[in-house]
2 protein chains.
Amino acid sequence: MLASERAYLRLREDIVSGRLAPGTALGEVEQAARLGVSRTPLREALRRLGAEGLCVIGKGRTYTVSAISPDDVRHLFELREALECQAARLAAMRGQQAIFAGLAQRFGEAAALLSPEDPEHANYYRLVADLDAALDEAMASPAIQRALSSLRSQVARARRLSKDDHARLVQAAREHQMIAGAVADGDATLAAQATAIHLRASLDAILAALAETTDHDPVVDPTPGTPA
Amino acid sequence: MLASERAYLRLREDIVSGRLAPGTALGEVEQAARLGVSRTPLREALRRLGAEGLCVIGKGRTYTVSAISPDDVRHLFELREALECQAARLAAMRGQQAIFAGLAQRFGEAAALLSPEDPEHANYYRLVADLDAALDEAMASPAIQRALSSLRSQVARARRLSKDDHARLVQAAREHQMIAGAVADGDATLAAQATAIHLRASLDAILAALAETTDHDPVVDPTPGTPA
DNA sequence: TTGAGGCCAGATGTATACATCAGGACGGAC
DNA sequence: GTCCGTCCTGATGTATACATCTGGCCTCAA
């Protein structure tokens with residue numbers, strides 16, 4: 001695998017997981033040494049992360065891990081709403097009905113996937129990923145796909161802030177079922193509205209979790225570097 | 001100015017203007033020599049252009065100037081609609097009424113700016129840019145701003161395909177007036193709808209021009225390189 | 001003649017040396 | 001004592017040498 005790709009993936013994972021806390025300076029030499037690549041591919045990784053918003057140009061020319069305040073999450077979801085509602089609309093107009101009918105049914109049975117035996121909810125999240133992939137293919141709009149993929153790592157980071165309690169996940173499954181159902185019916189307006197509702201509920205869940213956590217705990221692991 | 005920035009700006013200009021035709025291979029050594037920089041900053045420029053969609057990774061690892069077929073333009077506008085309608089909505093909710101009222105009035109008088117004495121319509125386009133900037137500031141959503149700025153160079157390229165005939169520009173001015181007016185009124189729904197209408201009309205104008213041109217002329221100047 | 005296989009040219013990917021710049025610390029002058 | 005200017009240190013920006021890969025062409029065998 002390309003060194004620049006490795007560096008990008010590892011840095012992204014480190015930022016999304018919180019191992020690299022917001023505000024951490026990402027020096028080229030330091031990170032290159034840490035990840036075992038030279039500065040050239042690392043620079044490329046850094047620029048990609050910058051384009052995705054995971055890090056920003058601080059003072060001077062240095063990159064720092066971007067913050068993720070409640071307002072940042074709100075702004076992120078404003079973009080998500082624009083993109084995903086449009087995606088749902090287009091998918092409803094262009095997608096194959098059968099695929100989304102099947103997904104809707106699977107979401108209807110999703111409560112079973114949310115058993116406490118699987119604390120990671122791997123099966124459930126695979127189902128969500130399947131819906132995302134189906135929407136991606138159905139909307140058939142490369143430009144929106146690209147914008148969305150650019151957004152996903154930040155969304156993943158935001159989701160980490162939310163506590164996936166059982167009640168929320170059951171409700172989220174219902175929301176997803178509604179989206180898939182509307183797309184299956186070819187109802188573009190309803191699909192967009194269902195998406196908007198889901199995003200609003202997700203945002204509220206994240207903000208609620210954030211409000212709790214910030215009172216007594218740092219949002220993320222504040223460890224700046226790694227123990228060599 | 002940084003060499004990477006120079007390379008980026010020149011390559012972007014060359015692609016948007018059509019001097020580098022769609023399908024042109026962008027070899028690192030060749031372009032680095034042409035622009036008088038070394039491969040390192042040129043690579044960075046190439047990656048930025050790739051992220052914006054102005055060039056794509058062809059076979060092997062080579063970059064080529066992206067195509068811009070009617071379908072590409074349609075896809076581009078699907079994304080534009082999602083982003084700009086949301087931007088208009090947010091601006092209507094957050095913007096300062098007076099600014100947009102002033103812009104609406106200026107668009108109402110825009111017909112005077114479209115005199116045949118100014119074939120470039122510089123004054124008119126400055127007004128459009130003012131509206132864009134006002135919306136940018138009013139929506140106060142960094143994420144959407146970033147996505148939009150990433151899109152602008154492709155929009156500029158698409159606009160080059162359209163013939164700015166007088167009738168269309170007059171109509172476009174009315175559409176812009178409507179957007180500014182709706183934002184001034186704080187009417188988010190109307191602002192989004194006015195934006196959608198404007199984008200639809202712009203798209204139709206581009207597609208019509210494209211359909212005409214492709215019948216007897218290449219879409220862009222097919223000169224691949226420069227005469228040393 | 002046609003297909004497969006390997007060789008070669010030229011590209012991209014990476015590492016590193018050098019140039020340049022920004023921030024801070026130190027010292028001197030007022 | 002404080003403020004300003006200079007120097008220094010360490011970073012980023014750039015150029016280039018080297019490694020690696022890709023694709024095409026040529027050769028050879030069936």
Side-chain angles (χ1 to χ4, degrees), chain A residues 1-15 20-67 146 223-226 228, chain B residues 1-15 19-67 146 223-228:
Chain A
M1 176 180 288
L2 264 44
S4 57
E5 187 76 8
R6 269 186 298 138
Y8 165 74
L9 291 174
R10 283 197 52 186
L11 274 173
R12 190 181 67 174
E13 173 60 21
D14 286 344
I15 294 173
L20 290 172
T24 305
L26 296 172
E28 291 181 6
V29 288
E30 176 192 351
Q31 295 302 321
R34 185 172 75 90
L35 301 181
V37 299
S38 90
R39 280 179 57 210
T40 308
L42 186 111
R43 271 173 79 86
E44 192 175 316
L46 233 45
R47 298 322 230 274
R48 275 178 76 180
L49 294 168
E52 291 180 13
L54 285 182
C55 59
V56 296
I57 322 150
K59 65 171 187 177
R61 296 130 138 176
T62 64
Y63 276 89
T64 62
V65 178
S66 66
R146 197 150 36 83
T223 310
T226 51
Chain B
M1 177 180 290
L2 265 42
S4 57
E5 188 75 8
R6 270 187 298 140
Y8 165 73
L9 290 174
R10 283 197 53 185
L11 274 173
R12 190 181 68 173
E13 172 60 23
D14 286 344
I15 294 173
R19 273 192 295 278
L20 289 172
T24 304
L26 296 173
E28 291 181 5
V29 289
E30 177 193 351
Q31 295 302 322
R34 185 172 75 89
L35 301 181
V37 299
S38 90
R39 280 179 58 209
T40 308
L42 186 111
R43 274 171 76 86
E44 191 174 317
L46 232 44
R47 299 319 231 277
R48 274 178 76 179
L49 295 168
E52 289 179 14
L54 287 181
C55 58
V56 294
I57 323 149
K59 66 172 186 176
R61 294 128 139 178
T62 64
Y63 276 88
T64 62
V65 178
S66 66
R146 198 150 36 83
T223 310
T226 51

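Since the structure is predicted, the reported quantities are computational estimates derived from the model, not experimental observations.
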* Without swapping roles, check the side chain of B/R146 against the backbone of A/A51 for a donor-acceptor pair under 3.5 Å. => yes

* At their closest point, which heavy atom of A/C55 faces which heavy atom of A/L26, and how far apart are they? -> CB-CD1, 4.0 Å

* If you find the nucleotide of DNA chain C closest to B/G27 and the one closest to A/G36, which residue's nucleotide is nearer the 5' end? -> B/G27

* **Sub-4.0 Å heavy-atom contacts from residues 1-9 of chain B onto DNA chain D, ordered by number** => B/L2, B/A3, B/S4

* Residue pair A/E52, A/Y8: steps toward the side-chain hydrogen bond (donor to acceptor under 3.5 Å, both in side chains) verdict -> CA-CA 11 Å; A/E52 291 180 13; A/Y8 165 74; 2.5 Å; yes

* **A/D14 and A/R34, any side-chain heavy atoms less than 4.5 Å apart** => yes

* To do: Walking along DNA chain D from 5' to 3', note the first and the last nucleotide with an atom under 4.0 Å from a heavy atom of chain B, and give both.
  => D/dG13 to D/dG24

* Less than 4.5 Å apart, any side-chain heavy atom of A/Y63 and any of A/E28? -> no

* What's the shortest heavy-atom distance between B/A67 and B/P22, and which atoms? -> CA-CB, 3.8 Å

* Asked: Should A/L46 and A/Q31 count as side-chain neighbours, where that means a heavy-atom distance under 4.5 Å?
  -> no

* In sequence, state the C-alpha distance, the side-chain angles, and the governing distance for A/R47 and B/R48, and then conclude on side chain to side chain contact (heavy atoms under 4.5 Å, CB included). => CA-CA 9 Å; A/R47 298 322 230 274; B/R48 274 178 76 179; over 6 Å; no

* So, A/S66 side chain and A/L54 main chain: donor-acceptor pair closer than 3.5 Å or not? -> yes

* Asked: Going by heavy atoms in the side chains, are B/E44 and B/L2 under 4.5 Å from each other?
  -> no

* **Contacting residues from residues 39-52 of chain A, given that a heavy atom lies under 4.0 angstrom of DNA chain C** => A/R39, A/T40, A/P41

